[in-house]
Amino acid sequence: MAFWKPGTVAPGSTIDRETGNEDALAASSANQYAHLSLTSQRQRLPVYKQRTKLLHLVERYPVLIVVGQTGCGKTTQIPQYLFEAGWAAQGRVIGCTQPRRVAATSVAARVAQEVGSLLGDEVGYTIRFEDLSSPTRTRIKYMTDGMLFREAMLDPLLSKYSVIMIDEAHERSSYTDLLLGLLKKVRKKRPELRLIVSSATIDAQAFLNYFNSNIDGADRTQDDAAIISLEGRMYPVEVAYLDEPVTDYVRAAVKAVLDIHLKMPAGDILIFLTGREEIDRCAEDITEQMYDLPAGASKLLPLPLHAGLTSEQQLFVFEPAPAKTRKVVISTNIAEASITIDNIRYVIDSGFVKLRTFNPSTGMDRLTVTGASLASLNQRAGRAGRTSAGKCFRLFPEPALAKLPKSTPPEICRSDISLFLLQLKALGIDNVLRFDYLTPPPSVMLARALEFLYSLKALDDYGRLTRPLGMRMAEVPVDPMMAKILLDSDEFSCSQEILTIAAMTSVQNVFVTGEGGEGAICEIEKRKFTAEEGDHLTLLNVYNAFTGPGKQSAKWCHSHRLNFRALSRAISIRGQLRKYLQRFDIPIISCGEEESQIRKCLVSGYFKNAAKMQPDGTYQSLRDRASLSVHPSSVMFTRVAPTGYVIFHEVIETTKSFMRDITVVDQDWLKEYSGGYYTSRASQRAK
DNA sequence: GAGCACTGC
């Protein structure tokens, strides 16, 4: 299995000045890698040189597809050009959406600085739970895509905007897809509205076709949409492939690291793997291999990077490596678009990604390792060319590219879409089956989502949004089941507690986890908050402890192995959700010692997710008798449910089907608070 | 008995 022999890395490298390893260089040959020049765009015009052309095209074409790499300045510059050209005159606003909150806030801060505005004045931003914009003064507004979609609930024609730029559209986030459909519709009523859709090269044609096609079949004399290509401040990245497939890409990645380290010039390395387990194994292997490095060779510094780390732990990857040390960042897909690390010169790509897909017939999410798309591979390779010319080593043979999809299937086709259908209906789009989706979700997903919303009484017999329940569920920014119990929580006299639980389940990674001895400490600390009744009440305990006198500190969190940022965010979310309840005149009351009220209330929304314990300690879902296991992160992992019944927030299928966020319930409650879900299903089976 | 890609309203 000789897939990566020492001394056979890609040619074209210069002598490593730090190690002076000339011999290794001489031994390198082209045999093992095929070569391909990926990007070479330095000679093209930068974005400001195309300013006049861009503004001209915006005048001429209502929809402009802007193609350009990260770093070409489109996100910060285009809104400013439009502003200077008068597109924000007469109180109008230039809007720009981002798929991520950090992007929306950081870009707004930078543009505010460039324009000389205070953040929140002429230039502002809006993300959930944070609005730093002025309704009267803000002219350039950055926001998350979901936030603009939500704005359409209040103002369906988005009338204050003269231009809307949908940035990073190629990522195809669900809200970006929905916005594009909505904006295409809005444009029929507001022909003066201008759209700018920013995309990577590979998807540009699809956007163009979408906006140039008319679902009504009306005649058109001129095209609506056009493409403009902008230059990026990218350096060329040389891509190399293995000559044979490997069975263990983690091992292959470690070999690649050593090859680069011994034979190539200084520069940090970024490795793309699929998950935490692989990342930890890779980091350990690299540490072990360091003992075999030649005397005098510079060191390697492996740094794991994934979303499970606290923000403090994530900060390590941004720090420059110490002298005579090469940084090796080992990352999940988080480094593909969400986190950008400077000074990466080499990328090692496993070619795989973990992707979540929703199975409508079981109602379960599945997390599977799949081949990354060509667009993904391209984006990953580009991470090596941000500050200088770079190299990308792909741990598979080049012909394998032919089997990979061009781009990742859009999120809206892989998700539970009940929330989106609810929101579309709240926008007045009643026929969600005929909505002009950029890519329509599979019809079985549409059907199941509608059925589910009906069972929650959000839709009536005609599929219309119920009032006030369905309408309010669409408004509250949490998932439909949680929205339902939040809105009904006063009937169980526990709105105080459900508010907290809703906030706590909306943030991720409340508990810090660790390896070895540190992991044991984390477990012991978690036990201090554990409620016998399950995870929801445990989360409630954590929140109440955190908000107790003198405890809202990072120090307190650290000593109890809790995530300070997550808990702070929970406070903010709870405050926001509280305002919704107040607006709906829902009394905010506490059940006090009567904690069973909380669990009954949970049943009234999560009855679909119920399971019965089996003699062997596993569970069986009541819905379709699927075999389920307790996720090891649950407090129920080390306990048995005394009543034999539980409800859960979600199931994720990896090696097994794992229930996450579990609460013990009584069998009687399942009958009483499930709106006939189980009795009617039982009678259906009897017939 | 032992594990969780990543966003977002």
Side-chain angles (χ1 to χ4, degrees), chain A residues 97-104 126-131 143-153 168 171-179 272-280 305-309 331-339 350 352-357 365-370 372 376 408 410-412 414-415 419-420 422-424 426-427 473-480 482-483 502 506-511 513-515 519 523 569 573 576-577 580 616-618 629-634 636-640 649-661:
Chain A
T97 69
Q98 296 291 323
R100 281 171 293 278
R101 302 156 56 99
V102 276
T126 310
I127 60 176
R128 185 172 66 152
F129 307 124
E130 243 181 279
D131 184 4
M143 64 208 122
T144 43
D145 48 10
M147 220 44 218
L148 183 61
F149 189 71
R150 185 162 278 271
E151 235 181 88
M153 275 190 215
E168 314 286 1
E171 288 189 26
R172 302 291 303 272
S173 88
S174 294
Y175 281 118
T176 284
D177 272 23
L178 292 171
L179 266 178
F272 284 100
L273 298 175
T274 72
R276 181 185 157 172
E277 204 187 315
E278 285 172 8
I279 288 168
D280 289 345
L305 178 63
H306 51 84
L309 301 174
S331 175
T332 59
N333 223 26
I334 197 170
E336 188 182 303
S338 307
I339 290 182
S350 67
F352 287 94
V353 65
K354 233 176 239 180
L355 219 55
R356 192 172 179 143
T357 46
D365 273 317
R366 186 179 289 186
L367 205 54
T368 41
V369 174
T370 47
S376 254
T408 314
E411 187 192 42
I412 202 165
R414 301 182 279 117
S415 317
L419 170 66
F420 305 131
L422 196 64
Q423 292 182 333
L424 278 174
L427 283 172
M473 280 171 65
E475 274 190 66
V476 182
V478 291
D479 77 77
M482 194 55 88
S506 321
V507 299
Q508 289 128 26
N509 306 313
V510 169
F511 298 100
T513 55
E515 293 281 308
E523 277 296 313
R569 206 168 151 233
I573 293 176
Q576 190 82 2
L577 295 176
Y580 281 95
D616 64 355
T618 66
S629 300
V630 177
H631 195 276
S633 65
S634 170
M636 295 310 293
F637 188 65
T638 50
R639 266 158 240 276
V640 288
H649 188 81
E650 62 171 356
V651 179
I652 185 103
E653 188 187 328
T654 52
T655 49
K656 287 180 188 169
S657 297
F658 289 108
M659 300 179 282
R660 292 206 288 202
D661 290 333

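Naming convention: chains lettered A, B, ... in sequence-line order (proteins, then strands); numbering from 1 in each chain.
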In whole angstroms, how far is the [atom2] atom of [N] from the [atom1] atom of [X]?
{"X": "A:Gln508", "N": "B:dC6", "atom1": "CD", "atom2": "P", "answer": "9 Å"}
{"X": "A:Asp365", "N": "B:dC4", "atom1": "CG", "atom2": "P", "answer": "13 Å"}
{"X": "A:Arg366", "N": "B:dA5", "atom1": "CZ", "atom2": "C1'", "answer": "16 Å"}
{"X": "A:Phe352", "N": "B:dA5", "atom1": "CZ", "atom2": "P", "answer": "16 Å"}
{"X": "A:Lys656", "N": "B:dC4", "atom1": "NZ", "atom2": "C1'", "answer": "14 Å"}
{"X": "A:His631", "N": "B:dA2", "atom1": "NE2", "atom2": "P", "answer": "12 Å"}
{"X": "A:Glu168", "N": "B:dC6", "atom1": "CD", "atom2": "C1'", "answer": "14 Å"}
{"X": "A:Glu278", "N": "B:dC4", "atom1": "CD", "atom2": "P", "answer": "12 Å"}

Scan [X] against the nucleic acid and name what it touches under 4.0 Å (heavy atoms): base, sugar-phosphate only, or nothing.
{"X": "A:Phe658", "result": "sugar-phosphate"}
{"X": "A:Leu367", "result": "base"}
{"X": "A:Ser633", "result": "base"}

### Query
Checking A:Glu168 side chain against A:Gln98 main chain: does a donor-acceptor pair fall under 3.5 Å?
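No; judged by distance alone, with no hydrogens or angles, the pair does not exist.
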
### From CZ (A:Phe658) to OG (A:Ser634), nearest 0.5 Å
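Reported value, rounded in 0.5 Å steps: 11.5 Å.
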
### Exceeds 12 heavy-atom contacts within 6.0 angstrom, atom CZ of A:Arg366
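Check fails, neighbour count at 12 or below.
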
Selection from [options] that lies nearest to any side-chain heavy atom of [X]:
{"X": "A:Glu411", "options": "B:dT7, B:dC9, B:dC4", "result": "B:dT7"}
{"X": "A:His306", "options": "B:dG8, B:dC6, B:dC4", "result": "B:dC6"}
{"X": "A:Leu419", "options": "B:dT7, B:dC4, B:dG8", "result": "B:dG8"}
{"X": "A:Gln423", "options": "B:dA2, B:dC9, B:dC4", "result": "B:dC9"}
{"X": "A:Ala307", "options": "B:dG8, B:dC6, B:dG3", "result": "B:dC6"}
{"X": "A:Ser338", "options": "B:dG3, B:dG8, B:dT7", "result": "B:dT7"}
{"X": "A:Pro477", "options": "B:dT7, B:dC9, B:dA5", "result": "B:dC9"}
{"X": "A:Arg356", "options": "B:dG8, B:dA5, B:dG3", "result": "B:dA5"}
{"X": "A:Arg128", "options": "B:dA5, B:dC9, B:dA2", "result": "B:dC9"}
{"X": "A:Arg276", "options": "B:dG3, B:dT7, B:dA5", "result": "B:dA5"}

Is there a side-chain contact between [X] and the phosphate of [N], meaning an N or O under 4.0 Å from OP1 or OP2?
{"X": "A:Thr144", "N": "B:dC9", "result": "yes"}
{"X": "A:Arg150", "N": "B:dG8", "result": "no"}
{"X": "A:Thr513", "N": "B:dG3", "result": "no"}

### Query
Is the ring centre of A:Tyr175 less than 6.0 Å from the ring centre of A:Phe420?
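Yes; A:Phe420 has its ring centre under 6.0 Å from that of A:Tyr175.
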
### Task
Evaluate the criterion salt bridge (charged side-chain N to carboxylate O under 4.0 Å, His left out) for residue pair A:Arg356 and A:Glu650; output intermediate values, then yes/no.
CA-CA 13 Å; A:Arg356 192 172 179 143; A:Glu650 62 171 356; 3.0 Å; yes

### Message
By nearest heavy atom, map A:Val102 and A:Leu355 onto DNA chain B; which one lands nearer the 5' end?
### Response
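Between the two, 5'-proximity favours A:Leu355.
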
### Task
Determine, for A:Glu171 against A:Arg100, whether the closest basic-nitrogen to carboxylate-oxygen distance falls under 4.0 angstrom.
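Salt bridge between A:Glu171 and A:Arg100, a charged N being under 4.0 Å from a carboxylate O: yes.
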
